[in-house]
There are 2 protein chains.
Amino acid sequence: MSKNLTQQLTHKLGEAIVKGDYPIGTRMPSEAVLCEQFEVSRSATREAVKMLSAKGLISSRPKQGITVNPETLWNLYDSDVLVWILKSKPSLQLLKEFTEVRFAIEPMAAKLAAENATPQQIKDIEQALYRISEAEEGLEDQLDAHLNFLNMILVASGNRFFIQLTQFVDAALRVSIRYTNQVKGISNTDVTFHVKVFNAIKDGDANTAQALIYEVLSDAVVLIESRL
Amino acid sequence: MSKNLTQQLTHKLGEAIVKGDYPIGTRMPSEAVLCEQFEVSRSATREAVKMLSAKGLISSRPKQGITVNPETLWNLYDSDVLVWILKSKPSLQLLKEFTEVRFAIEPMAAKLAAENATPQQIKDIEQALYRISEAEEGLEDQLDAHLNFLNMILVASGNRFFIQLTQFVDAALRVSIRYTNQVKGISNTDVTFHVKVFNAIKDGDANTAQALIYEVLSDAVVLIESRL
DNA sequence: AATCACATATTTATATGATAAATGAAATGA
DNA sequence: TCATTTCATTTATCATATAAATATGTGATT
């Protein structure tokens with residue numbers, strides 16, 4: 001739980017909005033009413049409204065009130081927003097779209113990592129690889145290790161936009177893993193696969209790195225398609 | 001100019017932060033000092049701080065004050081943040097990274113558009129194509145037409161994450177176009193190229209659509225690489 | 001000397017009341 | 001009919017007071 005009132009309210013309202021409790025295009029309750037309903041001061045309410053505006057979910061203007069923005073304006077790349085959606089309205093369709101993004105990004109990131117990774121970053125990936133091999137059988141532990149490996153590759157790409165996605169991918173996968181109750185496409189149980197990826201990056205073999213990541217993601221797509 | 005004080009302050013502080021006026025990891029002036037410096041009330045200041053927090057630029061805690069977050073936490077996919085960076089610290093390096101993202105996203109979007117576009121969306125793309133052919137010689141007008149064409153493809157992908165990127169790509173390209181003073185890689189002057197893209201999407205020829213977009217982007221990469 | 005508990009000071013967090021500004025809608029007048 | 005003005009509603013802004021969180025320092029205890 002977030003500690004302060006503003007953040008609590010931000011999360012509550014954020015989830016409610018993406019859930020559809022306040023339909024798109026309609027007015028939300030006015031400031032005063034929100035204060036009453038959630039029993040917080042105007043300060044807290046206004047600050048929460050501002051945070052949600054900053055994330056693109058709502059806009060507020062005098063007289064017109066607080067209105068829910070069309071979905072195209074929502075900052076889906078904001079981890080909060082994405083998690084709210086995945087939690088409130090989990091859908092395989094969204095997971096499919098998310099996987100398409102991973103499909104676009106991750107092979108390219110692996111390619112760039114092979115081209116640009118610093119010696120330290122290579123060591124970090126190797127360390128992540130070690131964590132995978134040492135991971136207990138417990139799902140949590142394995143998931144952590146695999147996400148760490150993936151994140152290290154994104155970081156090693158040296159591209160700030162990809163690096164920024166670490167939180168995004170991390171957050172989304174943690175939620176979606178609960179939903180599908182599957183690790184396939186995220187954590188290939190065969191660690192030799194990750195060794196191959198690591199070697200390709202270490203050797204600067206961009207095309208191989210790209211192809212390998214592409215391959216593991218294909219599993220994820222097949223998995224989701226089969227359930228749609 | 002944004003109309004209200006909170007937003008003005010948000011933009012001022014946001015630009016100042018990405019510019020490096022408040023170095024990463026350091027404390028920003030306290031709430032009270034910011035009020036004095038910018039001559040606004042605490043409400044406005046606090047609301048601006050909340051908006052910047054929501055965008056990942058800063059965090060604030062009692063006693064510790066307001067601190068600038070590491071760059072990895074900044075929401076680069078937030079159009080505001082991206083534009084602030086491009087305006088305050090324009091760099092070819094960032095443009096290169098941005099282009100790498102386009103490289104990852106746009107061919108995939110074209111592929112998905114070929115697979116999923118609705119009849120109406122195909123019409124929209126055709127309409128965008130018409131605008132390109134009709135565009136005056138003026139750079140502004142051409143740029144608008146080309147960005148519109150691109151946006152229509154992203155929308156037609158049917159993937160919410162790609163659709164969300166329209167604003168992101170739009171904003172970034174408008175700024176970068178001023179910086180490089182080049183349209184290459186954004187608007188291929190030869191309209192027959194766009195006709196090919198359109199036809200591929202209309203005919204559901206996913207691979208061709210993907211390859212064509214890949215091709216036009218290659219120009220952009222070559223252009224930027226040559227100037228780095 | 002080291003460590004733990006506690007007091008203290010600083011900063012943000014929250015609450016509240018008052019006034020200003022923006023804006024959509026209704027009333028007015030030519 | 002249309003432009004203008006008035007009015008009511010809602011957010012925006014300001015000001016002030018109090019609470020809560022927390023880093024730092026202090027002193028007692030071992």
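A, B, ... follow the sequence lines: proteins, then strands. Residue 1 opens every chain.
Between A:Asp21 and A:Lys12, no side-chain nitrogen of the basic residue sits less than 4.0 Å from a carboxylate oxygen of the acidic one, so the salt-bridge criterion is not met.
The backbone N or O of B:Asn148 sits nowhere less than 3.5 Å from a side-chain atom of B:Arg131 that would complete a donor-acceptor pair. Remark: side-chain polar atoms of A:Asn69 are paired, donor with acceptor, to backbone N or O of A:Gly56 under 3.5 angstrom. Judged by distance alone, with hydrogens and angles left aside, the side-chain atoms of A:Gln164 form a donor-acceptor pair with the main-chain N or O of B:Trp74 at under 3.5 Å. A donor-acceptor contact shorter than 3.5 Å links the side chain of B:Gln121 to the backbone of B:Thr118.
Aromatic pair B:Phe168/A:Phe161: centroids less than 6.0 angstrom apart.
Side-chain contact check for B:Asn151 and B:Asp170: at least one donor-acceptor pair (N or O, by modelled atom type) lies under 3.5 Å. In summary, the side chains of B:Gln120 and B:Asp124 do present a donor paired with an acceptor at a separation below 3.5 Å, with no hydrogens or angles considered.
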For this session: Heavy atoms under 4.0 Å is the rule here; annotate nucleotides 10-23 of chain C 5' to 3' with B where the base is hit, S where only the sugar-phosphate is, and - elsewhere.
Result: BBSBBBBBB---BB
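B:Pro70 pairs in a side chain to side chain contact (heavy atoms under 4.5 Å, CB included) with only one of the listed residues (B:Val68, B:Thr67, B:Leu73), which is B:Leu73.
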Could you go through nucleotides 4-7 of chain D and list every protein N or O atom that sits under 3.5 Å from one of its N or O atoms, giving the distance for each pair?
none

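A heavy atom closer than 4.0 Å to some atom of DNA chain D occurs in no member of residues 51-58 of chain A.
By the 4.5 Å heavy-atom criterion applied to side chains, A:Leu173 and A:Phe98 are counted as neighbours.
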